S.K.: 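One structure, pasted below without further comment.
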Amino acid sequence: MTTVPMPADRPATEEQARAVQDELRGRVVLDEPGPPPGTGRVTGVDVAYDDERDLVAAAAVTLDAATLEVVAEATAVGRVSFPYVPGLLAFREIPTVLAALDSLSGPPGLVVCDGYGLAHPRRFGLASHLGVVTGLPTIGVAKNPFTFAYDDPARERGSASPLLAGDEEVGRALRTRDAVKPVFVSVGHRVNLDNACAHTLALTPRYRLPETTRRADALCRRALQEATIRHSPTSRYPES
DNA sequence: GCGACAG
DNA sequence: ATCTTGTCGC
């Protein structure tokens, strides 16, 4: 994995963070279709927090895109370095996510993020940011709508409706399971929206959320638990 | 000025 | 994100 030099990677204020986004936004590549769904590798990344102990755990789980079997896993634990601010999620998650990605044994392939890419107030969400910093193709699959209008998609899996910022389609509400709340897909880096949706459907043969996200979520929670135990008085925990 | 607001 | 039991359903 490669990373581009980025001195202003960890801004101290919200204003600086927004300036970083405005600067990096120009490096997003939107004119590549991205890897074909169902081939190669797909990596899910997710983060879990323990604000009480100021801990953050990230996980990266790589699946074979055809079989959805796990081929590589990695975790990283760090200190919370930025508060949660809507629109600035990347600054809270990316440092630890990068560490987890770097620990992966093989190439990540397409990276699936928990959150948004283009569908962002400044068109530079977590997935866009991670893509620019790593150079990897990325997409964002969020569980909740942000600040964009959309119509409820038809009840069948595969149905979608545009996420609209005025008249611009910045993402899609995509139904991954019949009659179940849709997920919110947007482009990150080097992948187009049709492909991003196709990947999302290929990753949801059974559940609403992509297998990548589910695996990464379970893994970072486990990593956080282990880290939490290590940072706690042993007397509070049963021997085993 | 008052809410809304990915994780 | 996280706090949290049982419960309805395949």
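Below, chains carry the letters A, B, ... as their sequence lines are ordered, and counting in each starts from 1. Just so you know, these numbers come straight off a predicted model, no measurement behind them.
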S.K.: Give A:Leu163 one of three labels, base, sugar-phosphate or nothing, depending on what nucleic acid heavy atoms sit under 4.0 Å from its own.
M.R.: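 No contact at all - A:Leu163 keeps every heavy atom at 4.0 Å or more from the nucleic acid.
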S.K.: Identify whether any heavy atom of A:Tyr49 sits under 4.0 Å from a base atom; if not, whether one sits that close to sugar-phosphate; answer base, sugar-phosphate or nothing.
M.R.: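 Sugar-phosphate, no base atom in range.
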S.K.: May I ask you to check whether A:Thr43 and A:Thr62 show a side-chain donor-acceptor distance below 3.5 Å?
M.R.: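 Note: A:Thr43 and A:Thr62 side chains meet the donor-acceptor criterion.
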S.K.: Distance check needed: B:dA6 P versus A:Phe148 CZ, whole Å only.
M.R.: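 Answer to the nearest Å: 11 Å.
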S.K.: Report the distance from atom CG of A:Leu30 to atom CZ of A:Arg190, rounding to the nearest 0.5 Å.
M.R.: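 If I round to the nearest 0.5 Å, the distance is 12.0 Å.
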S.K.: In dot-bracket form, 5' to 3', how is DNA chain C paired? Count Watson-Crick and G-U wobble pairs only if both distances fall under 3.5 Å, and write | where the partner sits on another strand.
M.R.: ..........
S.K.: So, A:Asn195 side chain and A:Pro33 main chain: donor-acceptor pair closer than 3.5 Å or not?
M.R.: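 Confirmed, A:Asn195 side chain pairs with A:Pro33 backbone.
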S.K.: Think A:Asn144 has a side-chain N or O under 4.0 angstrom from the OP1 or OP2 of B:dG7?
M.R.: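 Answer yes for this pair, as a side-chain N or O of A:Asn144 is under 4.0 Å from OP1 or OP2.
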S.K.: Verify the contact: side-chain N or O of A:Lys143 to OP1 or OP2 of B:dG7, cut-off strictly under 4.0 Å; return yes or no.
M.R.: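 Answer yes for this pair, as a side-chain N or O of A:Lys143 is under 4.0 Å from OP1 or OP2.
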S.K.: Remember a base hit wins even if backbone is also touched, and classify A:Gly140 as base, sugar-phosphate or nothing at under 4.0 Å, heavy atoms.
M.R.: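 No contact.
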S.K.: Determine, answering yes or no, if A:Tyr84 is stacked on B:dG7 under the 5.5 Å centre rule and the 30° plane rule.
M.R.: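 Stacking is present between B:dG7 and A:Tyr84, given that their ring centres fall under 5.5 Å apart and the planes under 30°.
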S.K.: Please check if the distance between the ring centroids of A:Phe184 and A:Tyr150 is under 6.0 Å.
M.R.: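 Yes, they do, as the ring centres are separated by less than 6.0 Å.
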S.K.: Looking at every strand, decide which applies to A:Ala119 at a 4.0 Å heavy-atom threshold: base, sugar-phosphate, or nothing.
M.R.: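 A:Ala119: no heavy atom of the nucleic acid under 4.0 Å.
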S.K.: By the 4.0 Å heavy-atom rule, please label A:Pro145 as base, sugar-phosphate, or nothing.
M.R.: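 Sugar-phosphate, backbone atoms only, no base.
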S.K.: Under 4.0 Å between any heavy atoms, over every strand shown, what does A:Arg221 touch: base, sugar-phosphate, or nothing? Just pick one.
M.R.: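 Sugar-phosphate, no base atom in range.
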S.K.: Could you spell out the base pairing of DNA chain B as a dot-bracket line? Use Watson-Crick and G-U wobble contacts where both distances are under 3.5 Å, [ ] for crossing pairs, | for partners on a different strand.
M.R.: .......
